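See structure below.
Every chain is numbered from 1, with letters handed out A, B, ... down the list of sequences. This structure is a prediction, so every number in the text was calculated from the model and none was measured.
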Number of protein chains: 2
Amino acid sequence: MSRITIKDVAKKAKVSVGTVSRIINGEKNVTKENLQKVSKAIEELGYVPNTYARGLVSGKTKSISIIVPMIRTDFYDRLINSVDKTLLRKGYESSIFPLLSEYRLKKFLEKSSILYHSDGILMSSLPVNKLFKEGKVPTDKPVILLDMESEYYDCVYIDNYEIGKIAAKILIEKTDNILVFTFIEPENIFTSGVFERRVKGFENILNQNSIHFSKKNIFHSELNLHYALNEALSVLKKVQKFPVGFFATTDLFGYGIILAAKNLGMEVGKDVFIVGVDGQPWTEDIGLTTIKQPIEEMSDLATNILLDRIYSKYSVSSRKSIKFDPIVVRRTSA
Amino acid sequence: MSRITIKDVAKKAKVSVGTVSRIINGEKNVTKENLQKVSKAIEELGYVPNTYARGLVSGKTKSISIIVPMIRTDFYDRLINSVDKTLLRKGYESSIFPLLSEYRLKKFLEKSSILYHSDGILMSSLPVNKLFKEGKVPTDKPVILLDMESEYYDCVYIDNYEIGKIAAKILIEKTDNILVFTFIEPENIFTSGVFERRVKGFENILNQNSIHFSKKNIFHSELNLHYALNEALSVLKKVQKFPVGFFATTDLFGYGIILAAKNLGMEVGKDVFIVGVDGQPWTEDIGLTTIKQPIEEMSDLATNILLDRIYSKYSVSSRKSIKFDPIVVRRTSA
DNA sequence: CTGTTAGCGCTTTCAG
DNA sequence: CTGAAAGCGCTAACAG
């Protein structure tokens with residue numbers, strides 16, 4: 001514990017604690033002189049405000065909690081980075097709470113969890129309705145959902161059904177032998193269902209255009225390149241009719257298919273067409289056509305909305321639900 | 001914010017706030033009757049203690065911070081899980097702070113970071129000396145280091161130099177054509193140097209036994225199977241003299257080498273010998289001989305020491321530095 | 001623009 | 001074993 005309190009600073013700077021408080025909270029109405037004296041005292045004493053005291057009186061900690069299913073994937077790296085950058089500008093800090101296991105979730109179900117000791121919660125890609133009783137996060141703090149919808153909370157999301165539809169529209173112009181490469185989320189409470197929705201949207205367009213498509217046309221991979229590559233190799237070897245079109249429900253799978261195709265001497269963009277999803281930066285290098293999710297923009301917006309809620313800039317009743325449009329990025333693969 | 005305070009509970013249970021406080025803090029000296037009344041009131045009111053108020057007066061939050069360079073690798077998954085299980089038993093909760101970027105680190109350099117608003121800090125696999133000025137974490141809270149050493153803090157670690165030596169001793173009994181597969185950590189402040197130490201220890205034994213070994217015998221891979229497999233394939237194709245021995249500085253690379261060897265029709269344990277590091281559970285399935293790090297045991301111990309420090313069970317001066325021995329797990333690969 | 005002061009909700013003496 | 005009361009360090013309202 002820092003033994004140095006606001007009183008010490010006040011004494012040293014020869015002002016009142018009120019003035020010090022105002023200064024450390026960035027209020028404008030302070031004389032330059034006092035500002036200087038106090039800043040100097042803070043510096044010399046190495047004073048750092050006690051967050052507990054602050055939290056106790058104002059209920060604010062200048063921090064927000066980010067809940068994500070995992071980290072260290074392109075998607076969440078970008079998301080966390082964007083959120084953090086926005087927060088930093090406003091003097092906020094984030095704590096990341098990866099929902100690694102069911103037993104970790106149990107803690108998060110409790111109102112007392114440290115998770116809720118921040119000024120607001122930003123949750124991404126998690127099924128609130130399944131996770132929390134009545135779909136309600138056990139806190140009175142502002143909550144915003146990213147990459148998912150809910151009837152209770154502000155949310156910023158993209159329509160995954162729509163993504164599938166767009167992908168289908170691109171591919172049916174190229175061929176009618178169409179396959180899907182997707183990820184089967186383990187069926188548990190964490191299942192977000194995004195991959196499934198993408199496939200559903202995709203099927204919808206195919207059906208509309210009476211293109212033959214059955215469960216047999218759907219192949220699965222784990223979320224790692226090695227696995228995707230192997231699977232793609234084995235699938236491609238069996239393909240009878242070219243050109244063949246692939247809907248890769250995430251860019252990573254598209255990458256695997258490209259690698260496999262090249263390995264087998266097939267020409268991407270001619271023998272094999274591929275549409276990925278996410279719009280990862282590296283898709284450019286490999287020429288993958290992809291349906292981009294504007295992750296950075298979405299994250300920024302979500303963060304700003306959350307911050308505005310914290311400052312009660314909106315009336316309680318006005319729930320914000322913002323849907324982003326997927327962006328088609330055409331490259332050589334389709 | 002929970003509008004319900006300890007006063008409400010006291011009123012409802014018809015006791016004083018002191019009594020309620022004692023009960024929620026698990027003190028023994030309370031009559032059964034009061035215990036019951038209060039528990040009932042707490043239940044009915046849905047009371048949850050205000051952490052800020054608690055922290056303000058006692059300085060304790062019943063939470064600890066885990067700092068790791070990343071998550072979602074076998075190593076950190078196991079580490080975090082073990083720590084969390086131990087904490088749970090003691091009524092503690094953890095916040096995970098992955099050190100994803102330099103700019104995140106900057107926040108952690110500040111005393112005021114939310115990171116230090118817990119009762120203690122457990123840091124793993126990070127070079128404290130490079131990261132923090134004078135090698136000191138900017139907090140007065142107890143700090144324990146896992147998987148690394150330091151002169152200031154309690155630490156629980158394993159000697160990576162020793163790991164390399166053990167691996168070498170196993171391999172030189174099999175062959176004198178010896179190669180190393182390792183990971184080059186990007187040279188930045190996060191660089192822990194563990195891989196390098198493993199290789200150094202390895203070289204030491206080889207030199208001692210006058211076995212030819214130069215930088216040309218060292219190959220690099222990224223920490224993913226796909227990459228390791230490809231690299232192993234290209235290396236194995238060029239090998240002139242069999243049997244060949246590989247020191248894989250992490251099990252993942254050992255996996256890649258096994259896959260590559262099989263792919264090329266070589267027999268693991270006869271044409272190709274491999275020793276991995278970490279002792280991941282899945283090494284059993286693939287028959288990889290490995291030098292095991294007892295991650296779970298180390299994590300448990302570290303957590304318990306940290307908790308003991310929080311309860312001031314040790315004198316301030318007695319720094320604990322606990323070195324674990326690597327465990328050799330022999331399987332078919334060497 | 002600044003100083004004074006009343007709490008925020010809790011733990012922790014201290015009497016009884 | 002329990003109740004009363006004194007703060008923990010800070011913010012915010014108020015008076016000046």
Side-chain angles (χ1 to χ4, degrees), chain A residues 1-39 41-42 45-63 91 111-112 116-117 119 140 310-312, chain B residues 1-39 41-42 45-63 91 111-112 116-117 119 140 310-312:
Chain A
M1 269 131 281
S2 225
R3 300 264 100 239
I4 294 156
T5 77
I6 200 169
K7 273 189 190 168
D8 301 314
V9 176
K11 200 178 288 170
K12 179 140 193 165
K14 292 184 178 126
V15 295
S16 72
V17 293
T19 303
V20 178
S21 176
R22 273 168 222 125
I23 286 174
I24 60 181
N25 286 295
E27 268 182 44
K28 296 286 164 201
N29 304 331
V30 186
T31 52
K32 267 195 181 154
E33 202 197 325
N34 275 344
L35 177 64
Q36 239 166 34
K37 282 198 295 185
V38 170
S39 304
I42 288 178
L45 260 26
Y47 167 71
V48 5
N50 182 314
T51 308
Y52 305 131
R54 262 185 166 167
L56 178 56
V57 43
S58 71
K60 297 283 192 303
T61 56
K62 291 266 181 184
S63 77
K111 234 179 165 172
S112 55
Y116 306 114
H117 287 34
D119 299 349
D140 301 323
I310 290 170
Y311 300 135
S312 331
Chain B
M1 270 132 284
S2 221
R3 300 265 103 238
I4 292 156
T5 76
I6 199 169
K7 274 189 191 168
D8 301 315
V9 177
K11 201 176 289 170
K12 180 141 193 164
K14 292 187 178 124
V15 296
S16 72
V17 292
T19 303
V20 177
S21 176
R22 274 167 221 125
I23 286 174
I24 60 182
N25 287 294
E27 267 182 49
K28 296 286 163 197
N29 305 329
V30 185
T31 52
K32 267 198 181 150
E33 202 197 325
N34 275 344
L35 178 64
Q36 238 165 38
K37 282 197 295 184
V38 170
S39 306
I42 288 177
L45 261 27
Y47 167 71
V48 7
N50 181 315
T51 308
Y52 305 132
R54 263 187 163 164
L56 179 56
V57 43
S58 71
K60 297 284 192 301
T61 55
K62 290 268 181 183
S63 78
K111 237 179 162 169
S112 55
Y116 306 114
H117 288 30
D119 299 349
D140 301 323
I310 291 169
Y311 298 136
S312 328

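For the pairing with Val20(B), the side chain to side chain contact (heavy atoms under 4.5 Å, CB included) check across Val15(B), Thr5(B), Asn34(B), Asn25(B) returns one residue only, Val15(B).
The interatomic distance linking Lys11(A) (NZ) with dT2(C) (P) rounds to 20 Å, in whole Å. Nucleotide dG3(C) holds its P atom 13 Å from the NZ atom of Lys14(A), rounded to whole Å. With rounding to whole Å, Asn25(A) atom CG is found 7 Å from dA12(D) atom P. Between Ile4(A) atom CD1 and dC8(D) atom P there is a gap of 16 Å when expressed in whole angstrom units.
Counting non-hydrogen atoms under 4.0 angstrom, Leu35(B) reaches nothing in the nucleic acid. Note on Ile24(A): only backbone sugar-phosphate atoms sit closer than 4.0 angstrom, heavy atoms only; bases stay farther off.
In this structure, Ser21(B) reaches the dT11(C) phosphate: one of its side-chain N or O atoms is under 4.0 Å from OP1 or OP2. Not one side-chain nitrogen or oxygen of Arg54(B) sits closer than 4.0 Å to the OP1 or OP2 atom of dC10(C). Residue Thr19(A) places none of its side-chain N or O atoms closer than 4.0 Å to OP1 or OP2 of dC1(C). One finds no side-chain N or O of Tyr52(B) lying less than 4.0 angstrom from the OP1 or OP2 phosphate oxygen of dT11(C). Taking side-chain N and O atoms only, Ser58(B) has no distance below 4.0 Å to OP1 or OP2 of dC8(D). Residue Asn50(A) places no side-chain N or O under 4.0 Å from the OP1 or OP2 atom of dC8(D). OP1 or OP2 of dG3(C) has at least one side-chain nitrogen or oxygen of Ser16(A) nearer than 4.0 Å. Between Asn34(B) and dC1(D) there is no side-chain polar atom (N or O) within less than 4.0 angstrom of OP1 or OP2.
The OG atom of Ser39(B) lies 6.0 Å from the CD1 atom of Ile23(B); values are rounded to the nearest 0.5 Å.
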Quick one: do Arg54(B) and Ile24(B) satisfy side chain to side chain contact (heavy atoms under 4.5 Å, CB included)? Show the steps, please.
CA-CA 11 Å; Arg54(B) 263 187 163 164; Ile24(B) 60 182; 3.9 Å; yes

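Here the nucleotide nearest the side chain of Arg22(B), chosen from dT4(C), dA4(D), dC10(D), is dA4(D). Side-chain atoms of Thr5(B) lie closest to dG9(C) of the nucleotides dC1(C), dC10(D), dG9(C). Ranking dC8(D), dT11(C), dC10(D) by closeness to the Leu56(B) side chain, first place goes to dC8(D).
Side-chain contact between Tyr116(B) and Asp140(B): absent, with no pair of heavy atoms (C-beta onward) separated by less than 4.5 Å. Within the 4.5 Å cutoff, side-chain heavy atoms of Tyr47(A) are placed close to those of Ile6(A).
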